Asker: 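Mind having a look at this structure? Questions to follow.
Values below: all heavy atoms of this structure, side chains included; hydrogens, waters and symmetry mates excluded. These numbers come from a predicted model, not from an experiment.
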Amino acid sequence: MTEPISVQLYTVRDAMAADRDDTLRRLAEIGYRSVEPYDPTADPEGFRRVAGDLGLSVSGTHAYALLSEEPAKVFDAIATVGTDLVIIPGGIAHEEFTTRDGLARTADLLNGLAEQAAGHGMRIGYHNHWWEIEPEIDGRHAIEALADLLAPGVFLEIDTYWAAVGGADVPALLGRLGERVLALHVKDGPVVKGEPHTAVGAGVMPVPEILAAAPAARRVVELDECATDVFAALADSHAYLTSLEGS
């Protein structure tokens, strides 16, 4: 694995709001060498400068703004932040994943954004929650049926925890999706809706098997909610994933 372990900055959103620069410094001190922003339009020049000074690369970025703002402006901000992987992290009605017509509309939206992104030298991806997994279309998870409709350049960032909550055998799902998966959200916990997450390695997720099923995918740690100190959980997650690399 050549890509460094990344962290989705939504995990530390409260700390980011209070002091972005100190938060990024603390992540770098833990050992993270890459980050995944959730709002690339928030002071992209300042973010790029601070991240660069700390030796932090940008593994990709979530971009809700593409669903509501002028795309060219958002793509310019993403270029400044310093990545070419642009991920739509939801924002599409859950019902769209329950029918073939809904999936077709979703694919048209993502494929259209991908055409625009290509003009900026970027690629579009989609990040799942449980509602793209739980519905089945012809006996397959909705995310799999969607993948069949996506243009070749559109990738998936599979949130492994939400995939499990949605009822998937996550290693098997990753095996079926294959090279379509460029990134994984690696998280852990009790696999129960509404319960807080734990450090990676401290819950019930089969993390080694998941990583083995998508060995080339970028690994992005995320905790949506955490019952303990979030920086301690991120440190434990980084240590656990680093230990797996040497096993």
Side-chain angles (χ1 to χ4, degrees), residues 1-65 76-87 89 122 125 127 157 159-161 182-189 196-203 205 207-208 210-211 214-247:
M1 174 68 67
T2 58
E3 295 287 342
I5 300 167
S6 185
V7 56
Q8 165 53 242
L9 294 177
Y10 183 77
T11 303
V12 288
R13 55 196 178 277
D14 293 337
M16 288 283 289
D19 191 331
R20 178 197 66 189
D21 297 1
D22 182 64
T23 300
L24 293 175
R25 177 190 59 78
R26 292 180 71 179
L27 294 174
E29 289 177 348
I30 287 171
Y32 288 97
R33 294 293 174 262
S34 190
V35 294
E36 184 182 77
Y38 57 91
D39 182 8
T41 66
D43 185 23
E45 294 87 358
F47 181 92
R48 175 69 174 269
R49 181 179 64 255
V50 174
D53 288 347
L54 292 168
L56 294 169
S57 63
V58 178
S59 59
T61 183
H62 284 192
Y64 269 117
D76 285 346
I78 291 168
T80 300
V81 164
T83 186
D84 60 355
L85 298 182
V86 185
I87 301 150
M122 300 176 186
H127 169 280
E157 177 180 69
D159 187 306
T160 59
Y161 189 85
L182 288 194
L184 302 175
H185 266 198
V186 183
K187 57 179 70 169
D188 212 339
H197 299 153
T198 68
V200 178
M205 292 289 289
V207 177
I210 287 170
L211 299 182
R218 302 182 185 207
R219 298 151 300 159
V220 184
V221 175
E222 184 184 38
L223 291 81
D224 295 7
E225 302 288 345
C226 183
T228 61
D229 179 79
V230 68
F231 287 98
L234 286 174
D236 290 345
S237 298
H238 189 275
Y240 175 74
L241 291 173
T242 301
S243 74
L244 292 181
E245 293 179 347
S247 62

Asker: For a 4.5 angstrom cut-off between non-hydrogen side-chain atoms, does Arg218 reach Ile5?
Answerer: no
Asker: Report yes if the side chains of Thr11 and Val221 come closer than 4.5 Å at any heavy-atom pair, otherwise no.
Answerer: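 No; the side chains remain at least 4.5 Å from each other.
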Asker: Check side-chain hydrogen bond (donor to acceptor under 3.5 Å, both in side chains) between Thr41 and all other residues, then give those that pass, not counting sequence neighbours.
Answerer: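 Thr41 satisfies side-chain hydrogen bond (donor to acceptor under 3.5 Å, both in side chains) with Asp39 once adjacent residues are dropped.
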Asker: Using every non-hydrogen atom in the two residues, find where Lys187 and Asp224 come nearest and quote the distance to one decimal.
Answerer: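 Lys187 and Asp224 have their closest heavy atoms at NZ-OD1, 2.8 Å.
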Asker: Can you spot which of Met205, Glu222, His185 makes a side-chain contact (heavy atoms from CB on, under 4.5 Å) with Thr160?
Answerer: Met205
Asker: Measure centre to centre between the rings of His238 and Tyr32, then say whether the value is under 6.0 Å.
Answerer: yes
Asker: Quick check: are there more than 12 heavy atoms from other residues, nucleotides or ligands sitting under 6.0 Å from OH of Tyr240?
Answerer: yes
Asker: Closest approach of Ala233 and Thr228, non-hydrogen atoms and distance?
Answerer: CB-OG1, 4.2 Å
Asker: Is any side-chain N of the basic residue among Arg25 and Glu29 closer than 4.0 Å to the acidic one's carboxylate O?
Answerer: yes
Asker: Can you find a heavy atom in the side chain of Phe231 that is under 4.5 Å from one in the side chain of Thr23?
Answerer: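 Heavy-atom side-chain distance check passes, below 4.5 Å.
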Asker: Quick one: do the Glu225 and His197 side chains pair a donor with an acceptor below 3.5 Å?
Answerer: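 The criterion, which ignores hydrogens and geometry beyond distance, is not satisfied for His197 and Glu225.
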Asker: Regarding Ser57 and Ser34, is there a side-chain donor-to-acceptor distance under 3.5 Å anywhere?
Answerer: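 Their side chains do contain a donor-acceptor pair, which is all the 3.5 Å distance test asks for.
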